Amino acid sequence: MRQSKYFFYTLREDPKDAEVISHKLMIRAGLISKVSSGIYNYLPVGTRIIQKIENIIREELNAAGAVEIVMPIVQPAQLWKRSGRWEHYGKELLRIKDRKDNDYVLGPTHEEVITDIAGKFLKSYKQLPQTLYQIHTKFRDEIRPRFGVMRAREFVMKDAYSFDADLQSMEKSYEKMRDAYIRIFDRIGFDYKIVKADSGAIGGSVSEEFMVLSEVGEDKLAYCDSCSYAANIEAAVAGQIRQTDQQEKPIETVETPGCKTIEKVARFLNAPEDRLIKTIMIEADKEPVMVLLAGDDTLNEIKLARKLGAKEITPASEETLSRLLLPAGFMGPVGAPDIKIVADIKIKEMKNAGCGANIQDKHFINANYPRDFKVDQFFDIRNVKSGDPCPKCGGSLNITSGIEVGHIFQLGDKYSKSMDAGFLYTDGKKRHFLMGCYGIGIGRIAAAAIEQSHDKYGIIWQSSIAPFKISLLSLGNDKEVIDFTEELYKKFEQADIETLYDDRDERAGIKLADSDLLGCPITVIVGKRGMKSGFIEAKIRKTGEKKQYKIDDIDDMIEWIRDYR
RNA sequence: CGGGGCGUAGCGCAGCUUGGUAGCGCACCUGCUUUGGGAGCAGGGUGUCGGAGGUUCAAAUCCUCUCGCCCCGACCA
């Protein structure tokens, strides 16, 4: 590609509305431009990267036996009413009306449509298993889009759906996709982990996420030092905590003026935070519930909602608190009003704990379960912390951040049942499909790749997804140099090496800086200085290593470039 | 949704307090010089000052409303 005839423009300064490095670099290197909040253009170079990623995915999914289709972005509300998600999906589902005032949605995902397709065409167990996929645009009206294409509202996703006749076969289809995902992310060159996950709005039983390890990741994940256990913090369970064998002491009331936070109470009583009971009032689908946690733990709302079977967990309103006569900052389970009390399993083992006394400026010390207070149910509802025991081997858990680039689910019959989609089994009776669904965020992969591979000069692409394999630069406007670079360009084209040839009439510094910013794996530099001594130079972006090739040995260079991975 | 911030040239910003001809850097266009790590000189402004309304002789600037964008929060009461 001749840069003078192409569409590739860089920015010298960081855009002011970008926070994370990948977002800044994607804009500066001219890969994307913003249209609106969470809505982006992919400019030509960005499009090439996206296509590279898509092709890797296509190759691996096709190899795994999946079949590509395209489904509509605009979907009739009727389908969503059939699955029940018209009511349940919430505000992320963008609802629109057509000229006849009929309801439609912009598809945030495609289970409804695909299940409808399967129901129409897959009539017999003999047609199963079947896995279909598409690479297409989704729209989710995110509460807060951010980090450029990392969390966009409109984005391109590869979504695949498997249909099986029985459980065993469904698990097999799942494993096949999982293996394909591993090959995909290995080829892209990610440092990633596969973690157990909560299946969220999509539903289903088993689900795993592919997490690219990165500080800017919006997900927290826990993984074990000594075994293979890894889980999203939303789903991570901590191992059993050792029981203490302390003697129970008599409960006492203490004055704790103004100590409204665990931190203050701990300091005031000179007790460690994990010896206090943290009391949180929430409303689970409007029902007030008192939640107890160890003072140094944090509530995992997703676990709690799941355990309570609640759709929505919200902090209790001021109104509810005053109605129940609960003083914020001094609440506790001892002498609590007659409401549901749930506690983290750790509370059961806590001895002589401190907790709010339900009276302004007073706390109890030496509270003990069940002697001093009741708990209706114990659950694992806390977020695991660094250092917690691993549930699998008892080793120590670490917490790190990750970018979720892939998510795979075993859905079972969640959608096939609600939408009544099925096939005839060997016994001639109708059965619902057992489904799996499998997503990969394409744009997010590009952003994650940049987060994992960049330096102060710009992006450093892995060869597998680089927009071009090489940048070819002619430095200066010496006729000899330009003629030779033109020749070289032709040779690269003939050799099928993807080349971005910077033939602009720009100074050396600009060309070199732009080349580093875009970050193609190799930069080939032709200049007067080298030509004079009979050499041209090839620089490896990743290492900065420079290789010299004699002008007569161009074929060697071409061979080396071809083999470079 | 709650809190905070910002909208002025393609990009990054100043000007607003105290109303009086719309500016700076980069980019861009023309010419000359320069040419291996973001050149120099000379000339050129490409702008509904986010939008609407109001106050005023006069509004980028003051007031009201509105739209857009960004950040933080929406577990620790």
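Here the structure is a predicted model, which is why all the values come from computation and not from measurement. Residue numbers begin at 1 in each chain, while the letters A, B, ... track the order of the sequences.
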In 5'-to-3' order, the base (B), backbone-only (S) or no-contact (-) status of each nucleotide in nucleotides 34-41 of chain B, using a 4.0 angstrom heavy-atom cut-off, is BBBBBB--

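B:rU48 is unpaired under the criterion used here, namely a Watson-Crick or G-U wobble arrangement in which both key atom distances are under 3.5 Å. Summarising the base pairing, B:rU18 is matched to no nucleotide, lacking a Watson-Crick or G-U wobble pair whose two defining distances lie under 3.5 Å. Remark: B:rC76 base-pairs with no nucleotide; criterion is Watson-Crick or G-U wobble with both hydrogen-bond distances under 3.5 Å. Judged by Watson-Crick or G-U wobble contacts below 3.5 Å, the nucleotide B:rU35 has no partner. Across all strands shown, B:rG54 is found opposite B:rC62 as a Watson-Crick or G-U wobble partner, with both distances under 3.5 Å. Pair check for B:rC6 finds B:rG68; Watson-Crick or G-U wobble, both atom distances under 3.5 Å. The pairing partner recorded for B:rA42 is B:rU30, the criterion being a Watson-Crick or G-U wobble arrangement whose two distances lie under 3.5 angstrom. When both distances must be under 3.5 Å, the Watson-Crick or G-U wobble mate of B:rC11 is B:rG25.
Taking the side-chain contact (heavy atoms from CB on, under 4.5 Å) definition, one finds that A:Ile21 meets it with A:Leu25, A:Glu451, A:His454, sequence neighbours left out. Residues satisfying the side-chain contact (heavy atoms from CB on, under 4.5 Å) test with A:Phe535, not counting sequence neighbours, are A:Ser533, A:Gln548, A:Lys550. Residues that satisfy the side-chain contact (heavy atoms from CB on, under 4.5 Å) test with A:Ile73, not counting sequence neighbours, are A:Leu106, A:His136, A:Thr137. In this view, A:Lys34 and A:Asp17, A:Tyr40 satisfy the side-chain contact (heavy atoms from CB on, under 4.5 Å) rule, not counting sequence neighbours.
In this structure, A:Lys264 atom NZ and B:rA77 atom C1' are separated by 12 Å, rounded to whole Å. The nearest whole Å value for the distance from the CG atom in A:Asp17 to the C1' atom in B:rC13 is 14 Å. When rounded to the nearest whole Å, the span between NZ of A:Lys24 and C1' of B:rC71 equals 13 Å. Per the geometry, CD1 belonging to A:Ile341 stands 19 Å off P belonging to B:rA77, to the nearest Å. Distance A:Lys16 NZ to B:rA14 C1': 13 Å, rounded to the nearest Å.
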Let me check something: any side-chain donor-acceptor pairs from residues 471-484 of chain A under 3.5 Å, sequence neighbours excluded? List them with distances.
| residue | atom | partner | partner atom | Å |
| --- | --- | --- | --- | --- |
| A:Ser474 | OG | A:Lys511 | NZ | 3.3 |
| A:Lys479 | NZ | A:Asp483 | OD2 | 2.7 |

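For residues 318-350 of chain A, the ring-ring contact (aromatic ring centres under 6.0 Å, His included) pairs, not counting sequence neighbours, are A:Phe330-A:His363. Annotation: salt bridge (Lys or Arg N to Asp or Glu O under 4.0 Å) contacts involving residues 212-223 of chain A, sequence neighbours excluded, comprise A:Arg146-A:Glu218, A:Arg151-A:Glu218.
Taking the C1' atom of each, B:rG19 and B:rA58 are spaced 8 Å apart, rounded to whole Å. When the C1' atom is compared between B:rG3 and B:rU55, the two are found 31 Å apart, to the nearest whole Å. Between B:rC71 and B:rC32, the two C1' atoms lie 48 Å apart (nearest whole Å). Distance check on atom C1': B:rU56 versus B:rC62 gives 10 Å, rounded to whole Å. When the C1' atom is used for both B:rU64 and B:rG23, the distance is 29 Å, rounded to whole Å. Remark: the separation of the P atoms in B:rG20 and B:rG15 is 14 Å, to the nearest Å. A gap of 14 Å separates the P atoms of B:rU17 and B:rA59, to the nearest Å. Between the P atoms of B:rU18 and B:rC63, the separation comes to 10 Å (whole Å).
Residue A:Met281 is classed as having no contact, given no heavy-atom separation below 4.0 Å to the nucleic acid.
A distance of 6.0 Å or more separates the ring centres of A:Phe8 and A:Phe468.
For B:rC69, one of the phosphate oxygens OP1 or OP2 lies less than 4.0 angstrom from a side-chain nitrogen or oxygen of A:Ser36. Between A:Ser37 and B:rC70, a side-chain N or O to OP1/OP2 separation shorter than 4.0 Å is present. In this model, the phosphate group of B:rC70 is approached by a side-chain N or O of A:Lys34 to a distance below 4.0 Å at OP1 or OP2.
Judged by distance alone, the side chains of A:Asn232 and A:Glu209 do bring a donor and an acceptor atom under 3.5 Å apart.
The existence of a salt bridge linking A:Lys340 and A:Asp376 is excluded, since no basic side-chain nitrogen approaches an acidic carboxylate oxygen closer than 4.0 Å.
Checking B:rC13, B:rC11, B:rC76 against every side-chain atom of A:Ile262, the shortest atom distance belongs to B:rC76.
Relative orientation of the A:Tyr501 and A:Tyr489 rings is tilted, given thresholds of 30° and 60° on the angle between their planes.
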Restricting both atoms to N or O, compile the protein contacts to nucleotides 72-75 of chain B shorter than 3.5 Å, with distance only.
| residue | atom | partner | partner atom | Å |
| --- | --- | --- | --- | --- |
| B:rC72 | OP2 | A:Arg144 | NH1 | 2.8 |
| B:rC72 | OP2 | A:Arg144 | NH2 | 2.4 |
| B:rC75 | OP1 | A:Glu301 | OE2 | 3.1 |
| B:rC75 | OP2 | A:Glu301 | OE2 | 2.6 |
| B:rC75 | O2 | A:Leu299 | N | 2.7 |
| B:rC75 | N4 | A:Thr298 | OG1 | 3.4 |

